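Step one of this worksheet: look at the structure below.
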Amino acid sequence: MTDQTLTVRDNRTGEEYELEITDGTVRASDLGKIGKTEDEPGIAVYDPGFTNTASTRSSITYIDGDKGILEYRGYPIEQLAESSTFLEVAYLLIHGFVHENLKSLMQGFRYDAHPMGMLLSSVGALSTFYPEARAITDEEVRHDQVVRLIAKMPTLGAWAFRHAQGKPYVYPDNDLSYTENFLSMLFKMSEQKYDPDPRLSKALEVLFILHADHEQNCSTNAVRSVGSSDVDPYSAVSAGIAALYGPLHGGANEAVLRMLKRIGSKDNIPSFIEGVKKGEERLMGFGHRVYKNYDPRAKIIKKAVDDVFEVTGVNPLLEIAQELERIALEDEYFVQRKLYPNVDFYSGLIYEALQFPPEMFTVLFAIPRTAGWLAQWIELVDDKEQKIARPKQIYTGARTLDFVPAEQRWA
Ligand code: SDX
């Protein structure tokens with residue numbers, strides 16, 4: 001075994017440093033020893049967007065971006081999507097009624113409030129209903145909050161959906177499975193008992209499993225960063241929801257559908273692609289920081305599309321999406337940048353076929369991802385190596401200026 005170290009020579013001083021290599025990384029703290037003096041800080045790592053920086057050790061989710069591999073606790077996503085259920089996967093990742101006052105809070109939003117804004121506010125508000133959740137190292141208290149939040153997310157998501165339609169809220173029906181219950185709270189009307197189509201609840205199980213976790217993505221990083229201040233899990237997860245809301249992250253599924261509608265027909269695809277290549281906009285649902293190959297989740301979702309369309313009829317936007325994918329996968333611009341369809345490219349077509357408006361799509365991402373966020377949060381709280389997140393910066397501003405009183409500034 002070769003010596004697992006780096007020898008770094010600081011040419012400013014001629015000094016050499018031996019840096020230990022562990023798990024393919026060197027510690028930033030070891031780099032910090034290079035060039036450190038009384039007056040000078042040592043070397044730091046400058047890595048906007050953490051493109052090449054590990055922020056934690058984790059045993060929850062494994063991704064191989066070049067081979068398009070995704071595993072939860074070592075189980076391939078393909079097998080889980082085929083044979084497991086979302087709650088079983090949530091339990092695997094990690095091993096609930098909503099308070100009536102929260103209902104009043106939700107009713108206070110405008111009729112056209114974006115459901116992600118309602119969701120992130122309501123989840124943050126949950127921290128005020130369960131102050132005991134601040135005991136983040138008490139395993140029993142922690143377990144109760146985790147179960148509570150995973151149970152409440154579908155209710156909050158469904159109520160945000162019903163709020164936009166001015167429909168009464170439907171309460172959970174414990175005779176139904178997690179996804180059947182979610183469909184009931186979304187779509188039940190005057191019937192005594194909602195009878196979900198098993199093909200649709202199965203499709204939602206698969207989508208929820210695929211969205212449950214994804215290593216150190218933007219929203220998980222937000223949960224970990226906010227969680228590193230020892231705040232309660234509701235507040236940390238509301239930070240994750242806020243990050244997921246963005247169109248470059250979870251908001252991409254909504255953006256994909258709007259993009260497909262804007263393209264409108266296959267004939268418009270070539271001019272749209274030209275616009276993308278000119279940098280006028282992005283091909284939403286394509287590209288990924290880690291996957292430089294086809295996102296394995298997109299492959300599975302593409303199959304689930306057919307199952308759902310058996311029930312709902314084919315979404316006419318499907319053929320625009322398929323033609324867009326075909327052209328992009330042949331075009332040098334996308335090939336050279338290793339841009340492939342990601343999890344968001346096809347999911348929106350299913351959600352629209354299930355009668356969800358585009359603004360609900362990212363809520364459908366946040367509900368299952370709550371299991372992953374909470375699993376990552378627990379791992380963070382239990383990780384003795386973790387500290388409060390406080391990155392350094394490269395200062396580019398002015399220094400030691402003398403204050404000039406206002407009356408002299410424009411003299
Ligand atoms: C999710 O991290 C995760 O795991 C996230 C996620 C999860 O499960 O949590 O997988 C969920 O967020 C999936 C991604 C959804 N977002 C989108 O589909 C939005 C469109 N895609 C992008 O904006 C972009 O691809 C990102 C944000 C996903 C990744 O961006 P990177 O890794 O920071 O790459 P980059 O912006 O540096 O782009 C590299 C090059 C650039 O071109 P050049 O400057 O080299 O000329 O690729 C180009 C970019 O312009 N590029 C795109 C593009 N994505 C990247 N060009 C056109 N269309 C795109 N979609």
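If you're wondering where the values come from, they're calculated on a predicted model, not measured in any experiment. Atoms within a ligand are numbered from 1 in the order they appear, just like the ligands themselves.
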Within the 4.0 Å heavy-atom shell around [X], which atoms of ligand 1 are there?
X	answer
Ala252	15 (C), 16 (N), 17 (C), 18 (O)
Arg289	29 (C), 31 (P), 32 (O), 33 (O)
Gly285	17 (C), 18 (O)
Asn217	2 (O), 3 (C), 4 (O), 5 (C), 9 (O)

Kindly state if [atom] has a protein heavy atom within a strict 4.0 Å cut-off, that is, under 4.0 Å?
atom	value
atom 44 (O) of ligand 1	no
atom 39 (C) of ligand 1	no
atom 2 (O) of ligand 1	yes
atom 34 (O) of ligand 1	no

In the protein, what heavy atom is nearest to [atom], and what distance, to one decimal place, separates them?
atom	answer
atom 20 (C) of ligand 1	Phe286 O, 3.4 Å
atom 28 (C) of ligand 1	Gly287 O, 3.7 Å
atom 19 (C) of ligand 1	Met284 CE, 3.7 Å
atom 11 (C) of ligand 1	His249 ND1, 3.8 Å
atom 58 (N) of ligand 1	Leu283 N, 2.9 Å
atom 4 (O) of ligand 1	His214 ND1, 2.6 Å
atom 16 (N) of ligand 1	Leu248 O, 2.9 Å

For [X] and ligand 1, does the shortest N/O to N/O distance drop below 3.5 Å?
X	value
Phe365	no
Val276	no
Val343	no
Asn342	yes
Lys292	no

Heavy-atom neighbours of Phe129 CZ exceed 12 at 6.0 Å
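Count over threshold, so yes.
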Return yes when atom OH of Tyr194 has more than 12 non-hydrogen atoms of other residues, nucleotides or ligands closer than 6.0 Å, and no otherwise.
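For Tyr194, atom OH is crowded (more than 12 foreign heavy atoms under 6.0 Å).
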[X] near ligand 1 by a heavy-atom separation under 4.0 Å:
X	value
Gly49	no
Arg369	yes
Tyr333	yes

Any luck finding a side-chain donor-acceptor pair between [X] and [Y] under 3.5 Å?
X	Y	value
Thr5	Glu20	no
Gln376	Thr220	no
Ser235	Asp232	yes
Ser347	Asn253	no

Look at the rings of [X] and [Y] and say which category their plane angle falls in: under 30° parallel, 30 to 60° tilted, over 60° perpendicular.
X	Y	result
Tyr169	Trp159	parallel
His211	Phe365	perpendicular
Phe109	His163	perpendicular

Look at the side chain of Asn342 and the backbone N and O of Asp344, then say whether any donor-acceptor pair between them is shorter than 3.5 Å.
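Side chain of Asn342 to backbone of Asp344: a pair is present.
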Quick one: does ligand 1 sit under 4.0 Å from the side chain of [X], the backbone, both or neither, non-hydrogen atoms only?
X	answer
Leu339	side chain
Glu215	neither
Asp344	side chain

With a 6.0 Å cut-off on ring centres, are Phe161 and Phe356 close enough?
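Distance test on ring centres: under 6.0 Å, yes.
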Ring centres under 6.0 Å, that's the criterion: do Tyr291 and His214 meet it?
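They qualify: ring centres under 6.0 Å apart.
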Should the pair Glu215-Arg289 be classified as a salt bridge under the 4.0 Å nitrogen-to-oxygen rule?
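No salt bridge links Glu215 with Arg289.
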SB check Arg326 Glu330 (cutoff 4.0 Å)
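Glu330 and Arg326: salt-bridged.
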Could you tell me which non-hydrogen atom of Val223 sits nearest to which non-hydrogen atom of Trp377, and how far apart they are?
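Nearest pair, atom of Val223 first, then Trp377: CG1-CB, 4.1 Å.
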Tell me which one of Arg282, Arg337, His288 gets a heavy atom nearest to atom 49 (C) of ligand 1.
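When every heavy atom of Arg282, Arg337, His288 is considered, Arg282 comes closest to atom 49 (C) of ligand 1.
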Gln216, Lys277, Arg297: member with heavy atom nearest to atom 8 (O) of ligand 1
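Comparing heavy atoms across Gln216, Lys277, Arg297, the nearest one to atom 8 (O) of ligand 1 lies in Arg297.
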With sequence neighbours excluded, residues passing side-chain contact (heavy atoms from CB on, under 4.5 Å) with Lys167:
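Listed in chain order: Arg162, Gln165, Met189.
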